[in-house]
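These numbers come from the heavy atoms of this one structure, side chains and all, not from hydrogens, waters or symmetry mates. To find a chain, count down the sequence lines: A is the first, B the second, and so on, and within it residues start at 1.
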There are 2 protein chains.
Amino acid sequence: MLAAARAVVAEGGADALSMRALARRLEVAPNALYSHVADKTDLLDQLLDDLLGTVAIPTGGDPRGAVEALMTSTYETLVGHPELVGLFLARQGARGPNAVRLGEVLDAGLAAVGVPDVPAARRVLIIHAIGFAAFDAGDVLPAGATAHSFTRSLRWLLDGMTPG
Amino acid sequence: MLAAARAVVAEGGADALSMRALARRLEVAPNALYSHVADKTDLLDQLLDDLLGTVAIPTGGDPRGAVEALMTSTYETLVGHPELVGLFLARQGARGPNAVRLGEVLDAGLAAVGVPDVPAARRVLIIHAIGFAAFDAGDVLPAGATAHSFTRSLRWLLDGMTPG
DNA sequence: ACCTGAACACCGTTCAAGT
DNA sequence: ACCTGAACACCGTTCAAGT
């Protein structure tokens, strides 16, 4: 079912993902979907959390590098699925188990780096990654230029939030 | 007409702003709106640009302080209208004359500060302001805490992009 | 557990016509 | 220039019923 939803989005963009369009693709009556999903929000949550499951989680290395790698990997995952980024914006982030796991990894990394206000730092970094991916997704810019500017500003933020 | 649109949004949130709901409030047939507006996107663009017209533009002072004041003023304007922030996200930024004017002021400020890559710096700062406002709008956090964390991270970014 | 038919209360937009 | 009636092709969701 998530695969079918992804296919609908891939073909027609996020706007094309309606309950009825998904039902059409599955060759099923529209209300049959409600046996698998509470409502449309639930469907979108599952779809987004599924994508977050593919974010690579760095292991080992220095804490600062790990945080940088985690945010870059998140950004790249989002940029690789431009049609879904708008949905992340609409529901600022995500709420499923994969999102929770990524949040915990990020928090642990920030604590290891020694930032004084971990929740604030997390918020800044998530806004930064999703925001950049969103501008990439909707834009006419050469893709490489934005990726470079993402990395640079990520480092500004990490520099600023690191004590000493 | 924009006033009526604002009233609909104020009462029922951004989701409540449909062409038909707006027509209902104006006591007019739904299609009558198309004499004043090309389509719904056009309506939203007018609504958002109207809001941007209320952003205070700093005059005088040192360039760095002016950029900081401009972004803070933008952030505060957005936070003051949480129901509209989601619309900014959906169409990353805005396109009307007020948006263009703010962009020019920002570019001039960044050039005065001496940042090497003005378009990249502008992108970073706009993402930061809209992103923070969006998280504020949808969240349970104490409002003051987020405003403080906005200012702090804004300074990190400005520090990073300033040469020397 | 999973599906269907039928219905309800909505959408955005267009077309032809009226003043 | 601004409005209307009528229509088209859609939405999300619920309810009762069937297997």
Side-chain angles (χ1 to χ4, degrees), chain A residues 1-51 81-97 137-138, chain B residues 1-51 81-97 137-138:
Chain A
M1 174 176 205
L2 289 186
R6 271 192 299 269
V8 171
V9 170
E11 283 178 20
D15 290 349
L17 180 55
S18 66
M19 296 297 273
R20 297 184 102 109
L22 178 55
R24 235 174 282 135
R25 169 168 294 257
L26 291 166
E27 291 180 303
V28 112
N31 48 0
L33 300 178
Y34 291 85
S35 297
H36 301 88
V37 120
D39 52 19
K40 193 181 177 182
T41 294
D42 184 26
L43 169 68
L44 296 179
D45 280 341
Q46 287 188 38
L47 199 60
L48 295 182
D49 206 66
D50 199 56
L51 177 59
H81 297 264
E83 316 296 346
L84 294 178
V85 176
L87 299 176
F88 275 96
L89 289 177
R91 66 191 56 254
Q92 61 239 22
R95 319 206 173 299
Chain B
M1 175 178 204
L2 289 187
R6 270 191 299 269
V8 171
V9 171
E11 282 178 20
D15 290 349
L17 180 55
S18 66
M19 296 297 274
R20 297 184 103 109
L22 177 55
R24 235 174 282 136
R25 170 167 293 257
L26 292 167
E27 290 181 305
V28 110
N31 48 359
L33 299 178
Y34 292 85
S35 297
H36 300 90
V37 118
D39 53 19
K40 193 182 176 182
T41 294
D42 185 24
L43 169 69
L44 296 179
D45 280 341
Q46 287 188 39
L47 200 61
L48 296 182
D49 206 66
D50 199 56
L51 177 59
H81 296 263
E83 314 296 347
L84 294 178
V85 176
L87 300 176
F88 275 96
L89 289 178
R91 66 191 57 256
Q92 60 239 24
R95 319 206 173 300

Between [options], which one does the side chain of [X] approach most closely?
{"X": "Arg24(B)", "options": "dC11(C), dC3(D), dT13(C)", "result": "dC11(C)"}
{"X": "Tyr34(A)", "options": "dC3(C), dT13(C), dT13(D)", "result": "dT13(D)"}
{"X": "Ala21(A)", "options": "dC11(D), dG12(D), dC11(C)", "result": "dC11(D)"}
{"X": "Ser18(A)", "options": "dT4(C), dC2(C), dG12(D)", "result": "dG12(D)"}
{"X": "Val28(A)", "options": "dC11(C), dC3(C), dG12(D)", "result": "dC3(C)"}
{"X": "Lys40(A)", "options": "dC3(C), dG12(D), dC11(D)", "result": "dG12(D)"}
{"X": "Arg20(A)", "options": "dT14(C), dA7(C), dC3(C)", "result": "dA7(C)"}

Return the value, rounded to whole Å, for the distance between atom [atom1] of [X] and atom [atom2] of [N].
{"X": "Asp39(A)", "N": "dT14(D)", "atom1": "CG", "atom2": "P", "result": "8 Å"}
{"X": "Leu22(A)", "N": "dC3(C)", "atom1": "CG", "atom2": "P", "result": "12 Å"}
{"X": "Met1(B)", "N": "dA1(D)", "atom1": "CE", "atom2": "P", "result": "17 Å"}
{"X": "Met19(B)", "N": "dT14(C)", "atom1": "CE", "atom2": "P", "result": "10 Å"}
{"X": "Leu17(A)", "N": "dG12(D)", "atom1": "CG", "atom2": "P", "result": "8 Å"}
{"X": "Asp42(B)", "N": "dG12(C)", "atom1": "CG", "atom2": "P", "result": "14 Å"}
{"X": "Glu27(B)", "N": "dT4(D)", "atom1": "CD", "atom2": "C1'", "result": "15 Å"}
{"X": "Leu33(B)", "N": "dG12(C)", "atom1": "CG", "atom2": "C1'", "result": "11 Å"}

Quick one: are [X] and [Y] in side-chain contact, heavy atoms under 4.5 Å?
{"X": "Val9(A)", "Y": "His81(A)", "answer": "no"}
{"X": "Leu33(B)", "Y": "Leu26(B)", "answer": "yes"}
{"X": "Pro30(A)", "Y": "Met19(A)", "answer": "no"}
{"X": "Arg25(A)", "Y": "Arg20(A)", "answer": "no"}
{"X": "Leu47(B)", "Y": "Asp50(B)", "answer": "no"}
{"X": "Met1(A)", "Y": "Leu22(A)", "answer": "yes"}

Q: Please state the C1' separation for the pair dC3(C) and dA16(D) - nearest whole angstrom.
A: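 Between the two C1' atoms, the distance is 13 Å.
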
Q) Taking the same atom, C1', in dC11(D) and in dC8(C), what whole-Å distance lies between them? A) 12 Å

**Q.** For dC15(C), the Watson-Crick or wobble counterpart (both distances under 3.5 Å)
**A.**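 Check on dC15(C): paired to dG5(D), both distances under 3.5 Å.
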
Q) Which one is paired to dC10(D), where only Watson-Crick or G-U wobble pairs with both distances under 3.5 angstrom count? A) none

Q) Is Ala29(A) touching bases, backbone alone, or none of the nucleic acid, heavy atoms closer than 4.0 Å? A) sugar-phosphate

Q. Is any side-chain N or O of His36(A) closer than 4.0 Å to OP1 or OP2 of dC3(C)?
A.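 Yes.
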
